[in-house]
Amino acid sequence: MIRVLVRAVGSLLISAFMGSVVVFLLLRMLKGDVATVILGQTATRESLDALRDEMGLNAPLIQQYADWIGGVFRGDMGTSYAAEYDIAHEIWTRVPLTFTLAFASLTVSAIVALVVGTFSAIHAKDWRGTWVDILSQIGIAVPSFWLGLLMVTLFAVRLGWLPAGGYVPLTEDFSDGVKSLIMPVMALAIPLSAVLVRYVRSGMLEVLDEDFIRTAQAKGLTLRRAAWRHGIRNASIPLVTVTILQLGSLLAGAVVIENVFTLPGLGRMLVVSVGGREALSVQSLALVLMLMVLTLNFLMDIAYGLLDPRIRQSGGSAPIA
Amino acid sequence: MSDPTSTIPSPDADGLELFDIEVVSPRRRLPPQLVIGAVIVSAIVAVGLVSIFWTPYDLEAVDVPNQFKSPGSDGYLLGTDKLGRDMTSQIMAGARNSLLVSMISTVLSLIPGVLIGMIAAGASPFWQRIISRLTDIGIALPGILVALVLATSLGPGNPTAIIAIMFWFIPTVARVTMGPSRQILSRDFVEAARAYGRPRRFILFRHVLPNIGPLIIVQASVMFALAILIEAALSYLGIGAQRPTPSWGRLLKEAQPLMDKAPYLMVIPGLSIMIAVIGFNLLGDGLRTYLDPQQKAKGAG
Amino acid sequence: MLDIDDLSISIGPHEIVSIEHLSIPAGRRLGLVGESGSGKTMTAMSIIGLLPREAVVTGSITFDGVPMVNRPERELSKIRGSEIGTIFQDPLRALNPTMRVGKQVAEALRLHNTVPKQQVRSRTIELLDQVQLPEPEVLARRYPHQLSGGQRQRVLIAMAIACDPKLLIADEPTTALDVTVQKEILELLGRLSDELGMAVMFVSHDLGVIQAISDHVAVLYGGRLAETGPTDQIVRSPRHRYTEALIDVNPGHPEDITASLGKALTTIKGSVPPLGAFLPGCRFRGRCPHETERCVQEPPITEMDGGHVFKCWNPVEVP
């Protein structure tokens, strides 16, 4: 188990490092000049040069990269050009919201997928299974931001049950906080669970075919109970695998949803920074978002190891601790 | 000559293999998803193509007196927006834009992606690990994120969107291609080809590629659907196609402040996106079922 | 204790199994012998109702006076595991790979409230000991892939007998095991049957194995009974031609192998026809070396000779 942990952490660090290089380079695609990005194409020579001096952009790329990463570790990501805020501080305060959004959506999706997927596998051959099929097709195709807009129109504008936007931190007021998060989370969770349902279903269908389900029935379990007791763990494995692949999309979706609901998270900050051509903010924001994906990935890897004991002892029949 | 004590291998028919009974399996027919998907996709492509030459009204024709017409009134099939522009025309043109972006990004990603995947599959474990690592990172940087970053330096627009999508698609395709390619490379007939002296490139193109062909086709369909969704999201955020280039996503953004007054402005573009995505997904599902009827792929060649 | 009468199992238009009568008195052991496709597994599974959804069952199966055919799932699940235990062919696949074996055995106890909660653990260890697993406390915490094939089968047996069932159905339990382990398992099963007064229905294609464990034998071919009777009688003087062929083909017990060395291996010509391809007349036609006109035209009728029942137009002569 320790080996799985260590390997996952190492993997995380390496990916984070390489990803940061990619982000760094992406921002310098315009002849490698951040100053032009910030000031725009119409800026004067002098202002460009001044900015370059100020930001140390005349140094070699490696130097710039090292400065940036070094700063990140120290908690210094620079200040934004126009609004003069401390980037690191802004990011730090927004991380909890975005992470909560992503994590909550993940959890809701997983639970929904497991329940619905198992149900549809057990009833695969009758009309109930077909309905789930159709619903999941629709669910996958629904753009999450559109779903968010629809929900706002219905639940906020028409019915007034939930707020149309804005965020109340859970620490301030729990019930208000939850209310402000329900729609964003559902907007993200519904498409995601539609994707996951199909994998749970197919994983469960395979499991139901397995001999040990037959053994469970011969022991006296009904098919439904056998599916839950013995199948869930095995069907969760493809669930985790697919979820890992969806993490990037999930975070991307969170970025968009934050803008739909004007939630003050990393996603909103990112879009605003892009609009304002704040290259430094964008750089660090992209890094942080990527780190979030990698962290969630890491957590999933651990879950995977917990689910399948065969992975845990890669390399033979060592006695279990 | 038969040995009555041997087990006759039972075909994978309807779970009856447990009981060693042979049942004749039904003939392969065109799966319904394939048909429905193909119909939807063709319809959208047709609409998109037509829109190049003709739309009911001029795309940018502002006609404020006729603003906010609901769908079905006064000869406006899908209504008008706040400036009196015809929605039907905008939707038709939006189809064209979505298809264009999706097609370019999908095709331009498939070629390098498949190549990398295949080559990596046959490469040494060292290189495989590196490529796996790179694809992992590529997958962790989703299209929307990359697009936002690129938009900062390159500015908004379709080209930025396409590049960003490709940035994400290529590693995804490579990753998806690597697994099956590796499996095929370990099969006996490939061993034979190698023993026969066939060069690696030959093996890859003549043996691996045809076998993963169906997989790629299915993958392409799914990628198309995804690209449509991503393009819509990017346009919604304002970094996709800019006016006057039409885009469903941008229509949604413009509709947002009006959702109370004219909800149809929001429903229609969203539905269009959804239908297009469903169409491509069904097409992909149908192709998968049609091209590989045995879902439980056994190792037998 | 177990009575099967006029059992018919069909899938779609094909009647897969048709058995007029089969029974197992309490504590006795019946061996069900036949090739793959003979319907023996179907017959066994029909007792506990674990057939594919499409299967249609008619007739009567009475277990301890209780009718079993088409019984609602909920009632069946109470009987399964507690009154009737079952073990299957491939012990690796029959066990949940992600659950410790002790827990899987304990589940049988918990399901039917056989012992109070606090005693479940100790009873599990006892059961594992009863099936002769070494160091049961340690082994209980292992996962199936950490055990050997024979150990896994013992675990399955422990699971099946956990609630002291009146009947044990064993579907090819030794087929996937090494020959030496096979013997041990068979001995274990025999011993358990004696100790617990448990009846056994042993299904197999291997006549040698059947011979070792059962006191009565039923030979199935093409879903129909060919011959039934006491084991030694059937083996010594079979009447149905298929049984005769089976015995010929069987190389015998491992210890006798030296005797059969040098003898040419015989086989039954042809192969079992697929479902729906059975022609009128005796099911064994086309493969029987003693086929007659009549065999082709009409299905043979039942003949009885003491406890020995068979259906053949041209049976083996009794000296």
Side-chain angles (χ1 to χ4, degrees), chain A residues 11 14-16 18-19 22-23 26-30 33-34 36-37 41 137-138 140-147 149-150 152-153 157-158 191 202 206 209 211 214 244-245 247-253 255-256 259-260 270-271 273-275 277-279 282-283 285-286 289-290 293-294 297, chain B residues 15 18 33 133-134 136-156 163 167-168 172 175 225-226 228-230 232-234 236-239 248-249 252-253 255-256 259-260 263 266-267 269-271 273-282 285 295-296:
Chain A
S11 193
I14 299 179
S15 296
M18 291 172 85
V22 171
V23 167
L26 276 178
L27 267 172
R28 284 153 180 79
M29 287 193 79
L30 207 58
D33 193 5
V34 177
T36 321
V37 170
Q41 306 274 25
Q137 275 291 358
I138 297 180
I140 298 180
V142 160
S144 63
F145 58 99
W146 184 56
L147 192 57
L149 286 174
L150 286 176
V152 169
T153 313
V157 175
R158 286 282 155 90
S202 99
E206 271 194 37
D209 247 358
D211 287 355
R214 194 178 41 157
I244 292 182
L245 294 172
L247 286 175
S249 302
L250 178 65
L251 254 306
V255 164
V256 180
N259 283 278
V260 172
L270 179 58
V271 171
S273 303
V274 171
R277 285 191 296 219
E278 296 278 2
V282 171
Q283 188 172 263
L285 272 165
L289 282 166
M290 187 194 66
V293 173
L294 291 172
N297 194 325
Chain B
L18 281 176
Q33 302 115 305
R133 173 72 52 182
L134 286 173
D136 274 351
I137 297 170
I139 295 178
L141 283 170
I144 295 183
L145 196 59
V146 174
L148 284 165
V149 174
L150 278 179
T152 321
S153 50
L154 291 178
I163 297 178
F167 214 92
W168 189 57
T172 314
R175 160 71 83 75
L226 268 175
I228 293 179
L229 278 173
I230 299 178
L234 290 176
Y236 169 80
L237 289 177
I239 61 177
W248 285 338
L252 279 175
K253 176 161 103 145
Q256 185 166 3
M259 49 183 156
D260 195 19
M266 192 180 71
V267 172
L271 264 167
I273 299 173
M274 210 171 85
I275 294 175
V277 173
I278 290 183
F280 279 101
N281 276 330
L282 282 179
D285 274 353
Q295 292 294 347
K296 294 189 209 178

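Given the structure is predicted, the values throughout are model-derived calculations rather than measurements.
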Side chain / backbone / both / neither for A:L250 at chain B, heavy atoms under 4.5 Å: neither

A:L147 versus chain B, the contacting section by heavy-atom distance below 4.5 Å: neither

B:L271 versus chain A, the contacting section by heavy-atom distance below 4.5 Å: both

Between A:R277 and B:T152, a side-chain donor and acceptor under 3.5 Å: no

A:A286 versus B:V149, closest heavy-atom pair with distance: CB-CG2, 3.7 Å

Least distance between heavy atoms, B:A233 atom then A:V256 atom: CB-CG2, 4.2 Å

Side chain to side chain, B:D260 and A:T153, heavy atoms closer than 4.5 Å: no

Minimal non-hydrogen separation, A:L150 against B:M266, with atom names: CD2-CE, 3.8 Å

Contacting moiety of A:L285, where chain B heavy atoms sit under 4.5 Å: neither

Check: A:V282 and B:L148 side chains under 4.5 Å, non-hydrogen atoms: no

Where B:I273 and A:P143 come nearest, the two heavy atoms and their spacing: CG2-CG, 3.6 Å

Interatomic spacing from CD1 in B:I137 to OG in A:S15 - rounded to 0.5 Å: 4.5 Å

Spacing of A:L289 atom CG and B:L145 atom CG [to the nearest 0.5 Å]: 5.5 Å

Top of B:A276, B:P142, B:G270 for chain A proximity - count of heavy-atom pairs under 4.5 angstrom: B:G270

Minimum heavy-atom distance between B:A140 and A:M290, given as atom pair plus value: O-CG, 4.2 Å

Nearest-0.5 Å distance, OG of residue A:S144 to CG of residue B:L229: 8.0 Å

Partner chain A: residue of B:V146, B:I139, B:N281, B:L141 with the largest heavy-atom pair count (under 4.5 Å): B:L141

Pairwise distance CD1(A:I140) to CD1(B:I278) - rounded to 0.5 angstrom: 9.0 Å

Chain B interface, residue from A:L149, A:L251, A:V152, A:I138 that has the most non-hydrogen pairs under 4.5 Å: A:L149

Interface moiety of B:L252 toward chain A, non-hydrogen atoms closer than 4.5 Å: both

Check: B:Q256 side chain, A:V260 main-chain N or O, donor-acceptor pair, under 3.5 Å: yes

Chain B contacts, top residue of A:V293, A:L294, A:V142, A:V274 (heavy-atom pairs, under 4.5 Å): A:V274

Option in B:D285, B:I239, B:L134, B:L226 with maximal non-hydrogen atom pairs under 4.5 Å from chain A: B:D285

Minimum heavy-atom distance B:F167-A:L26, with the two atoms named: CE1-CD2, 3.9 Å

